[in-house]
Amino acid sequence: MSAGQGSTGNVLAAICSFFIPGLGQLVQGRLLIAIVMFVLAGVLWIVWLGWIIHLWSILDAAMFKARG
């Protein structure tokens with residue numbers, strides 16, 4: 001049985017991404033996108049646009065559907 005949108009795992013992942021962008025994706029086992037989210041948010045926070053990637057990270061973790 002795979003975790004679907006709105007599952008407890010996705011809620012936990014979204015909460016993790018709320019605190020650290022990309023952490024939710026890492027919790028879900030998606031290393032590459034976790035690194036992308038973390039680096040983009042870090043770079044863009046320098047010019048005050050990191051909140052966009054931060055929100056994207058939270059939403060992506062919350063709406064993730066595992067394939068299979």
Side-chain angles (χ1 to χ4, degrees):
M1 187 193 258
S2 64
Q5 183 177 352
S7 71
T8 303
N10 284 7
V11 172
L12 178 62
I15 291 169
C16 289
S17 281
F18 175 79
F19 291 105
I20 300 173
L23 184 58
Q25 288 75 13
L26 189 61
V27 166
Q28 292 171 331
R30 302 186 297 150
L31 180 61
L32 182 60
I33 193 68
I35 292 169
V36 169
M37 296 283 188
F38 183 77
V39 171
L40 277 177
V43 168
L44 289 178
W45 269 116
I46 294 170
V47 293
W48 295 103
L49 294 175
W51 61 272
I52 295 170
I53 302 300
H54 203 143
L55 288 176
W56 176 30
S57 176
I58 295 167
L59 292 173
D60 178 68
M63 298 188 317
F64 175 68
K65 279 190 175 182
R67 296 180 195 200

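- Listed by first then second residue, pairs satisfying salt bridge (charged side-chain N to carboxylate O under 4.0 Å, His left out) with a partner in residues 16-29 number zero, not counting sequence neighbours.
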Just distance, no hydrogens or angles: give the donor-acceptor pairs under 3.5 Å from side chains in residues 32-43, sequence neighbours left out.
none

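- Between Ala62 and Asn10, the shortest heavy-atom contact is O-ND2, 3.2 Å.
- Placement of Met63 and Leu12 in two distinct hydrophobic clusters is found when ILVMFWY residues are connected by side-chain heavy-atom separations under 4.5 Å, directly or transitively.
- For residues 11-21, every residue pair satisfying the side-chain hydrogen bond (donor to acceptor under 3.5 Å, both in side chains) rule, not counting sequence neighbours, is listed here: Ser17-Gln25, Ser17-Ser57.
- Pairs passing the salt bridge (charged side-chain N to carboxylate O under 4.0 Å, His left out) check and including a residue from residues 51-62, sequence neighbours excluded, read Arg30-Asp60.
- Screening residues 46-57 for salt bridge (charged side-chain N to carboxylate O under 4.0 Å, His left out) gives no qualifying pairs among residues at least two apart or on separate chains.
- We find the CG-CD1 distance between Leu23 and Ile15 to be 11.5 Å, quoted to the nearest 0.5 Å.
- Legend: salt bridge (charged side-chain N to carboxylate O under 4.0 Å, His left out) pairs involving residues 37-53, not counting sequence neighbours: none detected.
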